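What follows is a set of notes on a single structure, which appears directly below.
This is a predicted model, so every value here is computed, not measured. Counting starts at 1 for both ligands and their atoms, in listed order.
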Amino acid sequence: MKRVSIFGATGSIGQNTIDLIRRAPSEYKVVAVTGGANIAQLAADAIELNAEIAVTAYADRLNDLRAALAGSPVEAAAGEAAIVEAASRPVDWVMSAIIGYAGLAPGIAALKQGATLALANKESLVTAGDLVLRTAKASGARLLPVDSEHSAVFQALVGENMAGVEKITITASGGAFRDWSLEDMACATPEQAATHPNWDMGQRITIDSASMFNKALEVIETKEFFSVDPQQIEVLVHPESLVHAIVSYRDAGMMAHVGPADMRHAIGYALHWPERRHLPVERLDLAKVGQLNFNAPDPARYPALRLAWGVMELGGMAGCIFNAAKETALDAFIDHRIGFLDMATVVEKTLTKLSSDNGLIRAEMTLDTVKETDQLARITAKEIMQYRKG
Ligand code: NAD
Ligand code: MG
C-alpha cells in the first residue's frame with residue numbers, strides 16, 4: 001500500500017487528489033490531511049479516507065475539528081506547527097497543495113523525511129527554490145511537478161537529455177481579461193477576475209491567472225525545476241488551454257504536451273509516476289477542437305511577466321520578496337483596497353525598494369531567513385499601499 005498525505009486537502013487541488021485516491025481505496029493508506037477554515041469538509045474527508053490525522057491551519061478551530069471528528073479514530077490537531085509535524089510523519093508520497101507561502105515549511109518537512117513531493121504549491125520553488133532543491137538532494141527525496149505546465153514539460157522531457165533543450169514554452173490561457181483593454185482592466189473587480197474561462201481553480205490562483213502573476217510564478221518555477229536559463233523560457237497565450245507546454249530541442253523538433261484542462265491528469269501522473277494508469281479524464285477530440293491558437297502576451301497588459309524576468313536576474317531572495325509582495329497585494333485587491341493593475345505596481349515598488357539591499361538579496365537561504373524576508377516584504381508592500389492611499 002502506498003502511504004500518502006495531502007496538504008491543502010480541502011482546496012481545489014486537494015479535492016481532485018482525493019477524487020483519484022477515493023477510486024482505489026485499497027491501494028492507499030492516507031496518513032495526514034490538512035485544511036483551513038472548512039472544518040466540515042476536512043473532517044468528512046479524513047473520516048472517509050480513514051486518515052491517521054487531520055490538521056486545520058487555524059489553532060482556534062481545534063475544538064471544532066475535534067467535535068467534527070468525534071466518534072472516529074482520526075486524531076485532530078491545529079496550527080502551523082502541527083501541519084509541519086504532520087508532514088514529518090513518514091509516507092511515500094505527499095501532495096503539496098496548500099496555497100501560498102504557507103506551503104513551504106510542510107513541503108520542506110516532507111522532503112526531509114524522504115517522501116516524494118508532488119508539488120502543486122509553486123510558491124515553494126519561487127520563494128525558496130534553492131532551499132527546496134538542496135533539501136531534496138540531501139535526503140534523496142524526489143520532486144514531481146503538479147502544475148499542469150510543469151507536468152507537461154516533465155512529460156515532454158522523458159527520455160531526453162537537458163543538453164538538447166533549446167527552449168521551454170509554457171502556455172497561458174490569458175485568464176478572465178484576455179480580451180479586455182488596459183482601461184477596463186484598471187477598473188476590474190475581484191469578482192470579475194475570479195472567473196476563469198477554462199480552468200476550475202481556487203479563487204486566488206484564478207485572480208493570479210487574470211493578472212498573469214500566476215504565469216510569472218510559473219516562469220520562475222520553470223527555471224528552478226528544470227535548471228534552465230531565464231532566456232530559454234517563453235510564455236505564449238493559448239486561449240484553448242489544451243497545449244500546456246512545448247519543449248523545443250536544438251534539432252528544431254518541438255515536443256508539445258496536449259491534454260484536457262483537468263488537473264486530475266497532472267495529479268494522476270505525479271501519483272502513478274513512473275507508470276501511466278487509466279485516469280477518469282475526458283479524452284480530447286482534436287477534430288472537434290479544430291483550431292489551436294497561440295500569440296505573444298501583451299507586455300503592457302501583463303507587467304507581471306516582465307517582473308518575473310527581473311526576479312530571475314536578481315536571484316537569491318528576490319523570489320521570496322516577489323511572492324510575498326504579490327500575496328499582500330492580492331489580499332488588498334480581494335478586499336477592494338487597491339485596483340487590479342495596482343497589484344503589479346505594489347510588487348514592483350517592493351522589489352525595487354528591497355533589492356537595493358544586497359545583503360538581503362544574497363542572504364544564506366534557510367527557513368528562518370526566508371521567513372524574515374517574507375515578513376519584511378509583506379510589511380514593505382503594506383507601507384507602499386498606505387503611501388499610495390495617503
Ligand atoms: P485553494 O485555495 O482551492 O486551496 C488551498 C488549500 O490550502 C486549502 O485546503 C486551504 O485550507 C489551505 N490553506 C490556505 N491557507 C493556508 C494556510 N495559511 N496554512 C495552511 N493551509 C492553508 O487552492 P488551489 O487552487 O487548490 O491551489 C493550491 C496550490 O496549487 C497553489 O499553490 C496553486 O498555485 C497550485 N495550483 C493550483 C491549480 C488549480 O487548478 N487549482 C493548478 C496548478 C497549481
Ligand atoms: Mg499552471
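Within E149, the N, O or S atom at minimum distance from the Mg ion (ligand 2) carries the name OE1. When the Mg ion (ligand 2) is compared with the N/O/S atoms of D147, atom OD1 turns out nearest. The Mg ion (ligand 2) lies closest to atom OE2 when only the N/O/S atoms of E218 are considered.
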Compile the donor-acceptor pairs under 3.5 Å between side chains in residues 261-269 and protein atoms, sequence neighbours left out, one pair per line.
| residue | atom | partner | partner atom | Å |
| --- | --- | --- | --- | --- |
| D262 | OD1 | R264 | N | 2.9 |
| D262 | OD1 | R264 | NE | 3.2 |
| D262 | OD2 | R264 | NE | 3.4 |
| D262 | OD2 | R264 | NH2 | 2.9 |
| R264 | NH1 | D19 | OD2 | 3.0 |
| R264 | NH2 | P280 | O | 3.0 |
| H265 | NE2 | Q155 | NE2 | 3.2 |
| H265 | NE2 | H257 | NE2 | 3.1 |

If you look only at distance, which donor and acceptor atoms sit under 3.5 Å apart when one is on a side chain in residues 105-115 and the other is two or more places apart or in another chain?
| residue | atom | partner | partner atom | Å |
| --- | --- | --- | --- | --- |
| Q113 | OE1 | V91 | N | 3.4 |
| Q113 | NE2 | A87 | O | 3.1 |
| Q113 | NE2 | R89 | O | 2.8 |

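Between E27 and the choices R277, R3, R22, the salt bridge (charged side-chain N to carboxylate O under 4.0 Å, His left out) rule is met once, by R277. Looking at E218, E221, E149 one by one, the single match for salt bridge (charged side-chain N to carboxylate O under 4.0 Å, His left out) with K122 turns out to be E218.
In this structure, a donor-acceptor pair under 3.5 Å is absent between the side chains of N50 and K29.
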Please tabulate protein-ligand N/O pairs under 3.5 Å for ligand 1, atom names and distances to 0.1 Å.
| residue | atom | partner | partner atom | Å |
| --- | --- | --- | --- | --- |
| ligand 1 | 3 (O) | S12 | N | 2.9 |
| ligand 1 | 7 (O) | I99 | N | 3.4 |
| ligand 1 | 9 (O) | G8 | O | 3.3 |
| ligand 1 | 9 (O) | T10 | N | 3.4 |
| ligand 1 | 9 (O) | T10 | OG1 | 2.7 |
| ligand 1 | 9 (O) | G11 | N | 3.2 |
| ligand 1 | 11 (O) | T10 | OG1 | 3.3 |
| ligand 1 | 11 (O) | G36 | N | 2.8 |
| ligand 1 | 25 (O) | G202 | N | 3.1 |
| ligand 1 | 26 (O) | S12 | N | 3.1 |
| ligand 1 | 26 (O) | I13 | N | 2.9 |
| ligand 1 | 30 (O) | A120 | O | 3.4 |
| ligand 1 | 32 (O) | E123 | OE1 | 2.7 |
| ligand 1 | 32 (O) | E123 | OE2 | 3.4 |
| ligand 1 | 41 (N) | S12 | OG | 3.3 |

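E240 pairs by the side-chain hydrogen bond (donor to acceptor under 3.5 Å, both in side chains) definition with H238, N293, not counting sequence neighbours.
Taking the six-membered ring where the residue is Trp, F340 and F333 present perpendicular rings, their angle passing 60° and hence far from 30°.
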